[in-house]
Amino acid sequence: MSTPFQIVVCGGIVPDPLQTLEPISGPAGPSLKNEMMLPAVLDPWAGHALYEAANLAKAVPGSKVYLVSLGPKAKLQQVMMTVAQKVAFELVAVDGPASGFTDAHEAAMALAEAIKTIPGLDKSKLLIFGGWESASRGAGATLQIIGEMLGVTDQFQGVDRIQVREDDSFEILERIEGGRHQVSTCAGAPAVLGWATGYLAEPRNDPQVGMANMRTIMPALQKAKAAKVGAEGLKFAKVELPKQQRQTRIVKDMAADEIAKEIAEWIGKN
């Protein structure tokens, strides 16, 4: 294990899921009611990717982590005040909308261009991390498009673990149906990894890491270039939040076959 990685994490921000979200239709298309007033957090899937990237960088000396994020500068600054205390990274900020109603291709184009501007970027050492899913609309396409735009075609989605070997190749566990994993071996960087939840818990806040990160985060926010990202040409016929549904009953000593039969009948009705 001798070659250090340049790990670029693509992570967006989303409204705090503890808030009440109400879709509305405005002159510019669908959005959330009082969206700019809602507190924001780092997308949870992107958070997993960031923590896994930091863990990998720690295990491979000389590696470096970049967080490339697209969002309104004021919102990014608010979120980075918290995220910066978790792990060490260098922020590359892009000033633009973070709405879940933006076009995945336009968002990917803005992020890919931002990645290209990273000084000294070496494609032979490049790993692009991001969330397999998203707490916003979750098109599931942005990360793949970024990889294609940068010419990185070794892509893995639903990743739960990466293990780097002595010869710089790595083994990847991807989620498949039935709670199983597909095991793949990649010869080495570059590669795109869309993370599921990984194996790492959220790191505890470290004020010293936070202070070190903020020295570079504030200049990065000041230099953030505006990106034209929207949903031009897209038409949403209907927008609504998923309906909450909970039907629970407690039954003791019920056989597994009966439980399975009842669940299958319930699925058939719905």
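Atom set for the values below is all heavy atoms of this structure, side chains included, hydrogens, waters and symmetry mates excluded.
In this structure, P219 has no side chain to side chain contact (heavy atoms under 4.5 Å, CB included) partners at least two apart in sequence or on a different chain. Under the rule for a salt bridge (charged side-chain N to carboxylate O under 4.0 Å, His left out), E148 has no partner lying at least two apart in sequence or in another chain. With sequence neighbours excluded, the residues forming a side-chain hydrogen bond (donor to acceptor under 3.5 Å, both in side chains) with T197 are R175, listed by chain and number.
For residues 48-72, no pair satisfies ring-ring contact (aromatic ring centres under 6.0 Å, His included), with sequence neighbours left out. Legend: salt bridge (charged side-chain N to carboxylate O under 4.0 Å, His left out) pairs involving residues 66-76, not counting sequence neighbours: none detected. Evaluation of the salt bridge (charged side-chain N to carboxylate O under 4.0 Å, His left out) test over residues 253-263, restricted to residues two or more places apart or in two chains, returns R249-E262. Pairs passing the ring-ring contact (aromatic ring centres under 6.0 Å, His included) check and including a residue from residues 176-197, sequence neighbours excluded, read F129-W195. Residue pairs meeting the salt bridge (charged side-chain N to carboxylate O under 4.0 Å, His left out) criterion with at least one partner in residues 48-62, sequence neighbours excluded, are absent. For the ring-ring contact (aromatic ring centres under 6.0 Å, His included) condition, no pair includes a residue of residues 67-95, sequence neighbours left out. The list of salt bridge (charged side-chain N to carboxylate O under 4.0 Å, His left out) pairs with a residue in residues 110-124, not counting sequence neighbours, reads E113-K116.
Other members of the cluster containing M149 are M109, I145, with ILVMFWY side chains joined at under 4.5 Å, either directly or via other members.
Summarising the geometry, atom OG belonging to S184 is positioned 6.5 Å from atom CD1 belonging to I172; distances are rounded to the nearest 0.5 Å. Here L56 contributes atom CG and I7 contributes atom CD1; the two are 4.0 Å apart, rounded to the nearest 0.5 Å. Taking CD1 from I162 and CG from L127, the interatomic distance works out to 5.5 Å, rounded to the nearest 0.5 Å. To the nearest 0.5 angstrom, K125 atom NZ is 10.5 Å from F5 atom CZ.
For the pair T216/L91, no side-chain contact is recorded, criterion being any heavy-atom separation below 4.5 Å from C-beta on. Between V183 and E174 the shortest side-chain heavy-atom distance does not fall below 4.5 Å. Considering only heavy atoms from C-beta on, C10 comes within 4.5 Å of I146 through its side chain. Counting heavy atoms from C-beta on, the side chains of I128 and V152 come closer than 4.5 Å. In this structure, the side chains of Q78 and P39 come closer than 4.5 Å at one or more pairs of heavy atoms. Between D154 and V192 the shortest side-chain heavy-atom distance does not fall below 4.5 Å. A heavy-atom distance below 4.5 Å is not found between the side chains of V92 and L67. Looking only at side-chain heavy atoms (C-beta outward), V9 and S69 stay at 4.5 Å or farther from each other.
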Inset, instruction - Mind running salt bridge (charged side-chain N to carboxylate O under 4.0 Å, His left out) on K228 and E106 for me, showing each step along the way? - result: CA-CA 8 Å; K228 184 183 178 184; E106 291 188 11; over 6 Å; no
Legend entry - side chain to side chain contact (heavy atoms under 4.5 Å, CB included) between I115 and L121, worked out: CA-CA 8 Å; I115 292 172; L121 189 68; 3.8 Å; yes
Inset, instruction - Apply the test side chain to side chain contact (heavy atoms under 4.5 Å, CB included) to residues Y199 and L173: give CA-CA distance (whole Å), side-chain angles for both, the deciding distance (0.1 Å), then the verdict. - result: CA-CA 11 Å; Y199 283 88; L173 263 61; 4.2 Å; yes
Side-chain atoms of residues 80-88: list all donor-acceptor pairs with protein atoms under 3.5 Å, sequence neighbours left out, distances to 0.1 Å.
unit_1, atom_1, unit_2, atom_2, d
Q85, NE2, M81, O, 3.3
K86, NZ, E202, OE2, 2.9
K86, NZ, P203, O, 3.2
K86, NZ, N205, OD1, 2.8

